[in-house]
Amino acid sequence: MKRKWEAKLKQIEERASLYERKPLSSVYRPRLSKPEEPPSIWKLFHRQSQAFNFVKSCKEDVHVFALECKVGDGQRIYLVTTYTELWYYYKSRRNLLHCYEVIPENAVCKLYFDLEFNKLANPEADGKKMVALLIEHVCKALQEFYGVNCSAEDVLNLDSSTNEKFSRHLIFQLHDVAFKDNVHVGNFVKKILQPAFHLLAGEDDDMIPETMDHGFSHFPGTQVKQGISLSETSTDKDIGESWSLNSEKLERLGAAKQSSPDLSFLVVKNNTGEKHLFVDLGVYTRNRNFRLYKSSKIGKYVALEVAEDNRFRPIQSKNVSMENQYFLSSLVSNVRFSDTLRILTCDIPQQKRFEYFNSTNTSVETIEGFQCSPYFEIDQFVLSLVNKNDIKGGIRRWNYFFPEELLVYDICKYRWCENIGRAHKSNNIMILVDLKNEVWYQKCHDPVCKAENFKSNCFPLPPEVCLLSLLKEEEEFTTDETANKETRNPYEAPSRALSKGTFSDVDWDNSIDDTYFLEATEDAELVEAAENSLLGYDGVDEIPDELIIEVLQE
DNA sequence: CAGCGCTACCACACCCC
DNA sequence: GGTGTGGTAGCG
């Protein structure tokens with residue numbers, strides 16, 4: 001009995017000693033001037049989407065963080081709290097050791113970089129020098145592209161290197177300037193590092209990553225303007241000054257980029273000896289997790305700390321500690337509000353979209369896409385045709401035949417066929433819109449209907465859709481040869497519609513930057529290629545139905 | 001019970017020479 | 001052999 005008691009006592013003493021050595025941290029009690037304290041917000045979720053839903057429902061300025069779980073397989077849970085409360089529990093570094101900021105998609109954010117190379121595979125590489133050269137290059141680019149002034153003193157430089165690996169995070173602290181979101185940051189980074197991609201593949205251009213190849217022109221003068229624009233769009237916050245790119249600046253951009261800078265310092269080898277970039281381009285994806293200042297990866301013990309060669313110093317403050325200042329500065333999506341905040345954008349057209357303008361495309365006479373064609377009004381009209389009697393039909397895909405000015409819509413979920421007077425059971429129908437004759441008719445994929453080459457009666461297009469004919473008339477005022485060619489130029493239909501504001505940019509396969517689009521039509525090489533391939537065109541009045549079916553079935 | 005968002009890579013089908 | 005596609009392992 002006594003022995004049992006002694007054992008218990010010893011156990012309690014041990015527990016007491018443990019608590020003395022590692023006391024429980026006190027509960028967060030926010031102290032603001034207001035007498036009613038704001039409630040503590042500290043919520044954990046298994047799913048990122050749930051965390052973001054909670055953020056939406058929350059009126060406080062809360063953010064999502066990812067915490068790596070004990071299991072070393074990269075599993076994460078999501079924490080929603082304020083920067084202040086997180087720092088309160090985080091600063092002791094006794095817990096929350098492996099935390100990541102979730103950079104929300106579509107959220108305004110800072111310019112940031114993840115830099116790394118294997119030291120063993122690159123014994124000659126001078127990391128600090130490479131960082132300095134990179135910062136210099138980026139600052140020049142910010143000045144040239146956006147007129148933004150900055151220097152190494154505006155770059156928080158965090159180090160997470162080991163004996164094997166050189167590893168840094170750079171977070172730019174620009175004054176009253178931020179990017180629209182981290183995808184735009186990525187586009188900007190890829191754009192300004194473009195000269196380095198050629199170095200990766202040696203003399204051979206074939207090795208350039210495909211997404212790059214379409215985004216960057218080989219002609220510096222045109223390429224710089226392309227896709228980079230200074231947005232006048234405001235964020236949710238009220239932003240005073242708008243920002244526009246003037247022609248003088250454009251001139252300067254063209255001139256400045258005539259000679260590519262030497263970016264050979266960015267090329268490093270990985271452990272298998274392949275050439276890579278010092279800059280990790282994989283960190284600009286939606287909802288990217290970016291390791292927090294003073295956090296380490298799970299299973300590792302190296303945390304991000306202010307680098308020896310960091311030159312950014314936060315503003316001294318009585319109420320906020322230096323560490324807290326560094327922490328707040330390191331947060332990529334912690335953009336300080338200001339009524340003169342400028343939001344920078346950088347668009348790169350997606351490859352799918354660019355295919356239509358690719359000079360290697362053999363089929364310049366057609367363009368195609370899914371769900372929304374470049375003609376918003378016609379899409380709406382077609383949708384109205386296939387939304388009847390509680391059946392919600394949709395546009396599965398579309399094809400546009402330039403010579404015939406024919407839009408062919410593949411319809412889904414709505415199968416009413418005029419030929420059989422009822423809906424087909426397993427075959428889809430098509431709606432064909434003839435812009436030349438301003439009529440529409442129906443055909444279908446049913447083998448029986450196809451066999452008899454069924455085509456419904458023609459019906460006139462409603463007047464609002466015929467608005468497009470006004471554009472056509474306008475084009476016809478210029479009646480020389482080139483104008484005739486232009487109406488058949490594949491670039492014409494969408495860009496003309498755009499300049500008239502008759503389709504919203506989201507309908508042209510998500511979104512596309514106006515600047516880019518106009519640039520594309522000016523790209524002499526592409527236009528020339530398109531025109532050349534149109535020279536053999538002999539103006540067929542009606543496209544054979546078989547051809548339409550063949551294209552649709554591909 | 002429970003991560004997320006990609007990209008590189010592979011297998012496979014299809015086409016053309 | 002070239003090209004497109006669809007699925008997925010694995011990276012960040």
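Naming convention: chains lettered A, B, ... in sequence-line order (proteins, then strands); numbering from 1 in each chain. Since the structure is predicted, the reported quantities are computational estimates derived from the model, not experimental observations.
A donor and an acceptor atom, one from each side chain of A/S295 and A/Y90, are located under 3.5 Å apart.
For A/N287 and B/dC4, the shortest distance from a side-chain N or O to OP1 or OP2 is not below 4.0 Å.
C/dG12 sits 25 Å from B/dA2 when the P atoms are compared, rounded to a whole Å.
If you take CG of A/N106 and C1' of B/dG5, they are 14 Å apart, rounded to a whole angstrom. Atom CG of A/L281 is separated from atom C1' of B/dA8 by 15 Å (rounded to the nearest Å). When the C1' atom of B/dC4 is taken as reference, atom OH of A/Y100 falls 13 Å away, rounded to whole Å. The CD atom of A/Q75 sits 5 Å away from the P atom of B/dG3 (whole-angstrom rounding). Put simply, CD1 on A/I103 is 14 Å from P on B/dG5, counting in whole angstrom units. The CD-C1' distance, from A/E274 to B/dA8, rounds to 11 Å in whole Å. When rounded to the nearest whole Å, the span between CG of A/N289 and C1' of B/dG3 equals 8 Å. Put simply, CG on A/L67 is 15 Å from C1' on B/dA2, counting in whole angstrom units.
By the side chain to side chain donor-acceptor pair (under 3.5 Å) test, A/R168 is found to be paired with A/N157, A/D159, A/D309, residues two or more places apart in sequence or in another chain being considered. For A/K128, the salt bridge (Lys or Arg N to Asp or Glu O under 4.0 Å) partners are A/E308, not counting sequence neighbours. A/T272 meets the side chain to side chain donor-acceptor pair (under 3.5 Å) test with A/N270, A/E274; sequence neighbours excluded. With sequence neighbours excluded, no residue forms a salt bridge (Lys or Arg N to Asp or Glu O under 4.0 Å) with A/R291.
Among residues at least two apart or in separate chains, salt bridge (Lys or Arg N to Asp or Glu O under 4.0 Å) pairs with a member in residues 44-68 of chain A are A/E68-A/R76.
Nucleic acid contact for A/Q48: sugar-phosphate only, since backbone atoms but no base atoms lie under 4.0 Å from a heavy atom of the residue. Among the protein residues, A/R47 comes within range of the sugar-phosphate backbone only, with heavy atoms under 4.0 Å from sugar or phosphate atoms but none that close to a base.
Proximity of the aromatic rings of A/Y78 and A/F45 is defined here by a centroid distance below 6.0 angstrom, and this criterion is not met.
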Below 3.5 Å between N/O atoms, which protein atoms pair up with nucleotides 9-12 of chain C? Just atom names and distances, please.
residue: C/dG12; atom: O3'; partner: A/D280; partner atom: OD2; Å: 2.6
residue: C/dG12; atom: N3; partner: A/R288; partner atom: NH1; Å: 3.4

